[in-house]
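Here's the structure we're looking at; comments come further down.
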Amino acid sequence: MIVAQLQRRGRFWTGEPFFERGRRVVVERDKRLKEGMLALLRTTGTGRGQAKVVRLIGKPDVARDVIEALMLDRGLRRRFDPDLQSRAKEAQPVDVPRRDLRELVTFTIDPATAKDFDDAISAERLGDGAWRVWVHIADVTAYVRPGDRVDKEAYRRATSVYVPGAVEPMLPEALSNDACSLVPFADRLAVTVEMEVRGPKVVKTAFYRSLIRSDERLDYDRVDRIFGGRERAAAPWDEPLAAARAAAAALGSAREQRALALDAAEPEFRFDTRGHVEHVTPVQQTESHRLIEHLMIAANEAVAALLEDRKLPALYRVHERPEPEAVLRLADQLESLEIPTPPISEPLAPSQAAEVMAAISRSVDQHVRATGRGRQGLTSLVLRTLKAAYYSPRNAGHAGLASARYCHFTSPIRRYPDIACHRSLLHAIGAGEDAPDRNRLGDAGEWTSARERDAMIIERDADDVARCFVLERELFEGGYDREFDGEVVGLIGAGAFVAFGDGYEGLLPVRRLRGDWWELNEHGTILHGTREGGTIRIGDPIRVAVGRIEAPRGRVDLHPAPSA
């Protein structure tokens with residue numbers, strides 16, 4: 001299968017590969033064919049270089065169509081089999097005992113654009129620095145039974161893929177956006193983690209299947225307005241929200257002393273009704289995000305602790321400690337940029353690497369806050385030092401969170417490992433589920449980890465494509481000779497990666513930097529001009545203009561601004 005742009009050549013139709021350079025194919029005649037359109041093609045095997053149209057996608061100058069084409073090109077199906085959709089729509093939940101928590105005030109906090117709601121919160125203040133928090137998670141396993149068609153397809157997909165303006169869901173919409181989603185003002189089935197938080201610690205936990213009813217659908221922006229005093233919280237969820245805020249702050253204050261300090265902005269795109277992307281806004285992590293993050297981490301840790309104590313099969317979220325050599329290299333990179341780091345003893349023991357890494361990340365965060373620049377580039381240096389997190393039936397802890405026992409439990413609508421942990425937890429508490437097959441979890445961990453990596457690449461590339469379309473629009477409206485203030489966020493021998501404008505990024509090739517010969521230092525942090533002695537460093541401000549935009553590849557080439 002390939003995505004190609006259709007072209008008419010005399011009596012023949014051809015397809016030109018759209019995302020990667022490749023050989024043109026001859027397309028079988030079809031009344032749907034339209035000049036210049038994007039299409040998903042399948043080679044027919046009836047002749048060399050011949051293909052037929054599987055699906056017409058849209059126009060190459062419409063951002064939503066190009067992102068859809070990208071998803072198809074990367075192998076996403078974009079549709080569920082009709083029979084599977086029918087099964088999902090007709091699925092009836094298992095009949096098991098539940099605690100009726102519908103009288104407990106409950107709310108959700110999600111992005112304003114969210115359609116699937118995995119988690120909801122209830123909370124109350126107990127006094128003397130203590131709170132009771134209920135984390136309610138959608139009971140997906142009540143509808144998705146082990147080995148049925150929906151379960152097999154969810155395992156095949158393994159994760160939902162979120163791109164600008166679209167999502168490739170792990171579960172059919174009848175479940176992900178309806179039956180399993182904790183929408184407001186509707187009875188919903190949940191698995192509840194009840195925690196007593198005293199100071200910075202969870203001192204007591206309970207787990208059970210429940211029936212809940214959300215009283216309010218909050219979004220991050222609204223909660224931040226409430227926390228900032230720009231909007232009033234309304235009864236009956238005002239006091240529970242305040243209690244959840246206090247409990248999350250207590251949990252977070254302790255964790256932030258041990259865990260990595262990483263604060264990266266996520267792009268948020270706005271589309272018009274025709275599918276053109278109008279605007280991109282970098283969304284920073286705020287207190288409302290941290291509230292949900294800290295409570296979800298606490299719930300995930302509580303579940304992982306129970307599963308490990310009971311020696312039950314599960315998929316843990318593992319983030320191994322960084323290699324001492326990598327941590328020392330990061331310290332050298334930061335030293336080359338004159339960024340202070342905490343004292344490091346050498347040789348650095350493997351058992352100390354994670355703790356030192358966390359301390360370095362906090363030093364970087366303090367430097368960025370003090371100087372007002374370097375956030376993206378320095379965070380990238382820190383991230384490249386870390387090992388990738390993955391799923392495994394063997395618990396090896398989560399170094400990034402400084403957590404000895406951690407799993408993913410709180411997003412079963414969009415991640416298959418969470419479903420596995422639900423089944424194991426519900427088996428542990430005698431709530432009507434069989435534990436996962438221990439012998440299959442090794443393969444499941446590798447598969448879901450690989451699918452997660454694939455999804456992250458697709459999401460990143462789709463973001464880049466959407467940014468290119470926004471940039472093209474901005475240049476069209478404001479002039480192609482426009483100049484931008486930017487910041488160097490990465491370096492390679494061939495040039496500097498520059499973040500500029502409202503969330504854009506491009507490559508400034510060294511061949512465009514006239515008057516000197518540039519060489520990259522051994523740490524990969526500074527380009528040195530060997531003749532004039534100039535430097536280009538990660539975090540440096542720089543003024544640029546746009547040379548060329550290749551939207552399908554998400555690529556922007558820059559050159560120095562004439563006025564610089």
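Quick caveat, the model's predicted, so the values are computed rather than measured. The figures that follow rest on heavy atoms only: side chains count, while hydrogens, waters and symmetry mates do not.
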Does Asn300 reach the main-chain N or O of Met296 with its side chain, forming a donor-acceptor pair under 3.5 Å? yes
Rounded distance [0.5 Å steps], CG in Leu218 versus CD1 in Ile109: 5.5 Å
Is a salt bridge present between Arg255 and Glu301, judged by a nitrogen-to-oxygen distance below 4.0 Å? yes
Within the 3.5 Å criterion, strictly below it, is a donor on Gln376 or Glu505 matched to an acceptor on the partner's side chain? yes
Whether the Ser176 and Asp116 side chains hold a donor-acceptor pair (N or O, under 3.5 Å, no angle test) is what I'd like checked. no
Take Phe500 and Glu487 through the test side-chain contact (heavy atoms from CB on, under 4.5 Å) and record every step on the way to the result. CA-CA 6 Å; Phe500 64 97; Glu487 180 176 289; over 6 Å; no
Worked verdict on Val556 versus Cys468 for side-chain contact (heavy atoms from CB on, under 4.5 Å): CA-CA 7 Å; Val556 178; Cys468 284; 3.8 Å; yes
Do Arg290 and Thr286 meet the criterion of a side-chain donor-acceptor pair at a distance under 3.5 Å? no
Does Glu459 reach the main-chain N or O of Tyr162 with its side chain, forming a donor-acceptor pair under 3.5 Å? yes
So, His319 side chain and Ala389 main chain: donor-acceptor pair closer than 3.5 Å or not? no
So Val140 and His422, do their side chains get closer than 4.5 Å, heavy atoms only? no
Quick one: does Glu266's side chain have a donor or acceptor within less than 3.5 Å of a partner on Gln284's backbone? no
Arg423 and Asp151 ion-paired at < 4.0 Å: yes
Mind checking whether Phe469 and His276 have ring centres under 6.0 Å apart? no
Between Arg98 and Asp139, is the closest basic N to carboxylate O distance under 4.0 Å? yes
For the side chain of Asp110 and the backbone of Ala114, is there at least one donor-acceptor N/O pair under 3.5 Å apart? no
State whether a side-chain donor-acceptor pair under 3.5 Å links Thr141 with Arg209. yes
Can you tell me if Ser424 uses its side chain to pair, donor with acceptor, with the backbone of Pro313 under 3.5 Å? yes
Any side-chain to backbone donor/acceptor pair from Glu168 onto Arg77? Under 3.5 Å, distance only. yes
Show the numbers, then the answer: is there a salt bridge (Lys or Arg N to Asp or Glu O under 4.0 Å) between Glu287 and Arg245? CA-CA 9 Å; Glu287 186 182 0; Arg245 181 187 189 185; 2.7 Å; yes
Would you please test Asp309 and Arg405 for salt bridge (Lys or Arg N to Asp or Glu O under 4.0 Å) and show each step? CA-CA 10 Å; Asp309 288 343; Arg405 300 185 286 190; 2.6 Å; yes
Under 4.0 Å between a side-chain nitrogen and a carboxylate oxygen: does that hold for Asp81 and Arg149? yes
Side chains of His408 and Tyr391: do they bring a donor and an acceptor to under 3.5 Å? yes
Looking at Asp100 and Arg102, is there a salt bridge between them, counting it only when a charged N and a carboxylate O are closer than 4.0 Å? yes
Are Glu196 and Lys201 ion-paired here, with the side-chain N under 4.0 Å from a carboxylate O? no
Salt bridge check: are Glu268 and Arg270 linked by an N-O gap of less than 4.0 Å? no
Are Arg225 and Asp221 ion-paired here, with the side-chain N under 4.0 Å from a carboxylate O? no
Can you find a side-chain donor-acceptor pair between Thr106 and Ser214 that sits under 3.5 Å? no
So does Asp454 pair up with Arg157, basic N to acidic O under 4.0 Å? no
Is any side-chain heavy atom of His279 closer than 4.5 Å to one of Phe269? no
Between Arg362 and Asp365, is the closest basic N to carboxylate O distance under 4.0 Å? no
Does any non-hydrogen side-chain atom of Glu278 lie less than 4.5 Å from one of Phe271? no
Arg384 and Ser380: CA distance, side-chain angles, deciding distance, side chain to side chain donor-acceptor pair (under 3.5 Å) verdict: CA-CA 6 Å; Arg384 288 203 297 270; Ser380 179; 2.7 Å; yes
Kindly indicate whether a cation-pi arrangement holds for Arg317 with Tyr390, taking the cut-offs as under 6.0 Å to the six-membered ring centre and within 45° of the axis. no
Relative to each other, are the rings of Tyr416 and Tyr155 parallel, tilted or perpendicular (30° and 60° limits)? perpendicular
Look at Arg467 together with Asp464 and state whether they make a salt bridge at an N to O cut-off of under 4.0 Å. yes
Start with the C-alpha distance between His294 and Glu256, add both sets of side-chain angles, then the distance that settles side-chain contact (heavy atoms from CB on, under 4.5 Å), and finish with yes or no. CA-CA 10 Å; His294 291 312; Glu256 288 165 2; 3.6 Å; yes
Minimum side-chain heavy-atom gap Thr410-Ile297 below 4.5 Å: no
Would you say the side-chain atoms of His398 pair up with the backbone N or O of Val318, donor to acceptor, closer than 3.5 Å? no
Does this structure show an ion pair linking Arg64 with Glu68, if we count only N-O contacts that are shorter than 4.0 Å? no
Apply side-chain contact (heavy atoms from CB on, under 4.5 Å) to the pair Arg460 and Ile457, showing each step before the final yes or no. CA-CA 5 Å; Arg460 181 199 65 201; Ile457 293 170; 3.7 Å; yes
Ion pair check, Arg482 and Glu474, cut-off under 4.0 Å: yes
Distance (rounded to the nearest 0.5 Å) between Arg188 CZ and Leu101 CG: 15.5 Å
Pair Arg74 + Asp461: basic N to acidic O under 4.0 Å: yes
In terms of side-chain geometry, is the basic nitrogen of Arg132 or Glu194 positioned less than 4.0 Å from the acidic oxygen of its partner? yes
Do the rings of His289 and Tyr220 sit parallel, tilted or perpendicular, given the 30° and 60° boundaries? parallel
Under-4.0 Å salt bridge between Asp65 and Lys59: no
Give a yes or no on whether the backbone of Ser288 and the side-chain of Asp224 come within a donor-acceptor separation of less than 3.5 Å. yes
Measure the spacing between CD1 of Ile458 and CZ of Arg453 and express it to the nearest 0.5 Å. 13.0 Å
Are any side-chain N or O atoms of Thr192 and backbone N or O atoms of Ser210, one a donor and one an acceptor, separated by less than 3.5 Å? no
